[in-house]
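Hydrogens, waters and symmetry mates are skipped; everything else that's a heavy atom, side chains included, is used. Letters A, B, ... are given to chains in the order of the sequence lines, protein chains preceding strands, and every chain is numbered from 1.
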There are 2 protein chains.
Amino acid sequence: MKNPTRAFKDAIYEQFARVGKAISSPRRLELLDLLCQGPRTVEALANESGLTIANTSQHLQVLRAARLVAADKDGLYVIYRLADQQVCEFFRSMRLLAESRLAEVEQIKNRFLDGREGMMPVDRTKLLKLVREDAVTVLDVRPSVEFNAGHIAGALSVPLKELQQHLSDLPRDQEIVAYCRGPYCVLSVMAVEILRARGFKAIRLEEGIQDFRALGFPIIGNEEV
Amino acid sequence: MKNPTRAFKDAIYEQFARVGKAISSPRRLELLDLLCQGPRTVEALANESGLTIANTSQHLQVLRAARLVAADKDGLYVIYRLADQQVCEFFRSMRLLAESRLAEVEQIKNRFLDGREGMMPVDRTKLLKLVREDAVTVLDVRPSVEFNAGHIAGALSVPLKELQQHLSDLPRDQEIVAYCRGPYCVLSVMAVEILRARGFKAIRLEEGIQDFRALGFPIIGNEEV
DNA sequence: ATAGTATTCAATTGATTAATTGAATACTAT
DNA sequence: ATAGTATTCAATTAATCAATTGAATACTAT
């Protein structure tokens, strides 16, 4: 017969484990990461993550059961969003912990990205300072739906897919800093490669919108998750 | 044939999921919570958590594989500790998220603790101020090994098991504030009940040592996890 | 060398989880 | 009312996970 204190603790940790179980799947982590950039339909999430629509829906049900995401109906479409900004912050703290504790993270990054011109070393502190001071042109190369959800104040939206068409809009006499979803998104790597090939002075910042938010940058957008 | 970007993302989220899998078990969460209070042997962890020694060891192997805990040999004994202070912070952010997102947490707390005299409502902000100003007697009622690992500067160590023997040491003219491992530990609930039954002016603070650390209280001890 | 103690390992069993597939449901346009 | 589209549900299968049990390993005291 379990004593009441033991029963209490078992019940409490069972609840905490609901959060752990929700993020124990790489698939659900990717869905959360995408939702950190802004709300999305099931179909859009399936496309971005490479999952089937049914599988995506099932993982979203798990995240919803753990109360990490919420859903709204918009006609035929269901729009999923993070339940709270705190979920983004938690995701970010999990990522930072994984980065600092698991050497494999850096190894994988190096294996897939090392040597790419968009990845050359930058003076991150100086670059962040230049961004804060509006001393550079800041490009957000994510899809515009993510830009609209939230972006650095002053950033221009030039989704990677539209970059070729917008080259003439960009300054050649000022440094261009491109960002996307975060350190493990290659949109800005590719953008910088394209820009540099065309003679622009372009550099990548690996921070994503949630990192900028945590660093105190003013974020503008229609989604206060 | 998976494209390289897809393979990269799959590999990265697989790494992140290692953290999620590690904390998907209520048993491992309790072990982490205990280790947040200070290093412990397998046997001590098994005793506190109600698990068998073999089961405890297996869960510790999982946590070690995720690089969240580290082990040192001390003769016959293996001492487990958290691998980094950041693991504590992550654990705490998971707990705060669960508290804010899962109504069941509050419900369980109420079901097991509601009505107990050690749980009466307190003006938490005022109490924290009084603690900070040394205007109250602060009791740490955890086992002394946990007190030694880290405690609020100025706190007295009176483990619950030894409280009866130390009553004569305690002031009757000053308010006594007792704390233990955190909101889901009942050591301080019981301590306050005993103290009040003996005429002391005692109140419980539900914060644990990691909450105090996050709130900026000076922490003294021999364990800088 | 041996007995005792602490811890880990390995195999087994039962439970849980993830992906797939096809059906069901909900909504819209006609 | 019907067809099309988006999403969810349910059943199935395979993989993973958790607890148990007994054996193995590591260390200490004698």
Side-chain angles (χ1 to χ4, degrees), chain A residues 2 6 9-11 13-32 34-35 39-66 68-81 145, chain B residues 2 6 9-11 13-32 34-35 39-66 68-81 145:
Chain A
K2 190 187 284 184
R6 177 42 43 197
K9 282 179 173 289
D10 285 348
Y13 290 112
E14 198 70 45
Q15 292 303 312
F16 293 170
R18 284 171 70 187
V19 175
K21 285 178 204 272
I23 65 164
S24 66
S25 156
R27 312 304 203 186
R28 290 195 288 279
L29 285 171
E30 183 163 8
L31 296 177
L32 284 179
L34 287 165
L35 291 173
R40 216 75 61 112
T41 65
V42 180
E43 190 175 16
L45 287 165
N47 284 340
E48 280 287 346
S49 62
L51 300 177
T52 63
I53 288 183
N55 202 12
T56 301
S57 181
Q58 287 201 173
H59 282 298
L60 287 167
Q61 302 320 310
V62 174
L63 290 173
R64 183 147 75 165
L68 301 185
V69 306
D72 295 297
K73 214 45 174 9
D74 182 15
L76 199 61
Y77 296 94
V78 182
I79 312 292
Y80 279 91
R81 53 173 43 81
V145 63
Chain B
K2 192 187 284 185
R6 176 44 42 201
K9 283 180 173 288
D10 285 349
Y13 290 112
E14 198 70 46
Q15 292 303 312
F16 293 168
R18 283 172 70 186
V19 175
K21 285 177 205 272
I23 64 165
S24 65
S25 155
R27 311 305 201 187
R28 290 196 288 278
L29 284 171
E30 184 163 6
L31 296 177
L32 283 179
L34 286 166
L35 291 172
R40 216 75 60 112
T41 65
V42 180
E43 189 175 16
L45 287 166
N47 284 339
E48 280 286 348
S49 61
L51 299 177
T52 63
I53 288 183
N55 202 13
T56 301
S57 181
Q58 286 201 173
H59 283 297
L60 288 167
Q61 300 321 310
V62 174
L63 290 172
R64 182 148 72 163
L68 301 186
V69 305
D72 294 297
K73 215 45 172 15
D74 182 14
L76 200 59
Y77 296 93
V78 183
I79 311 294
Y80 279 90
R81 53 173 42 80
V145 62

Query - Results of side-chain contact (heavy atoms from CB on, under 4.5 Å) for A/Ala54 - residues two or more places apart only - result: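 Residues passing side-chain contact (heavy atoms from CB on, under 4.5 Å) with A/Ala54: A/Thr52.
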
Strand contacts (DNA chain C) in [range], 4.0 angstrom heavy-atom criterion:
range: residues 52-66 of chain A; value: A/Thr52, A/Ala54, A/Asn55, A/Gln58, A/His59
range: residues 22-31 of chain B; value: none
range: residues 70-80 of chain A; value: A/Lys73, A/Gly75, A/Leu76

Among residues at least two apart in sequence or on other chains, which ones pass side-chain hydrogen bond (donor to acceptor under 3.5 Å, both in side chains) with [X]?
X: A/Asp72; answer: A/Arg81
X: A/Arg27; answer: none
X: B/Asp10; answer: B/Lys2, B/Arg6

Report summary line: For residues 45-56 of chain A, the salt bridge (Lys or Arg N to Asp or Glu O under 4.0 Å) pairs (sequence neighbours left out) are A/Glu48-A/Arg181

Query raised in the report: Do any pairs count as a salt bridge (Lys or Arg N to Asp or Glu O under 4.0 Å) and have a residue in residues 49-65 of chain A, sequence neighbours left out, and if so which ones?
Result: none

Requested in this report: Report yes or no: does A/Gln61 contribute a side-chain atom to a donor-acceptor pair with the main-chain N or O of A/Ser57 at less than 3.5 Å?
Outcome: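 Side chain of A/Gln61 to backbone of A/Ser57: a pair is present.
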
Query raised in the report: Hey, does the side chain of B/Arg28 reach the backbone of B/Lys21 with a donor-acceptor pair shorter than 3.5 angstrom?
Result: yes

On a heavy-atom basis, which atom in [X] and which in [Y] lie closest, and how many Å separate them?
X: B/Ala46; Y: B/Ile53; value: CB-CG1, 3.9 Å
X: A/Ser24; Y: B/Ser24; value: CB-CB, 4.1 Å
X: A/Leu63; Y: A/Ala22; value: CD2-O, 3.8 Å

Validation row: [X], [Y] side chains within 4.5 angstrom (heavy atoms):
X: A/Val78; Y: A/Thr41; result: no
X: A/Leu45; Y: A/Leu51; result: no
X: A/Leu34; Y: A/Glu30; result: yes

Query raised in the report: Contact boundaries of DNA chain C with chain A (under 4.0 Å, heavy atoms), 5' to 3'?
Result: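 On DNA chain C, the outermost contacted nucleotides are C/dT17 to C/dT28.
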
Query raised in the report: Which residues pass the ring-ring contact (aromatic ring centres under 6.0 Å, His included) test with B/Tyr80, sequence neighbours left out?
Result: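 Testing B/Tyr80 for ring-ring contact (aromatic ring centres under 6.0 Å, His included), a comparison that skips the adjacent residues, returns none.
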
Requested in this report: Could you run through DNA chain C and flag its stems, i.e. three or more consecutive Watson-Crick or G-U pairs with both distances under 3.5 Å?
Outcome: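 DNA chain C stems, ordered by first number: C:1-30 with D:1-30.
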
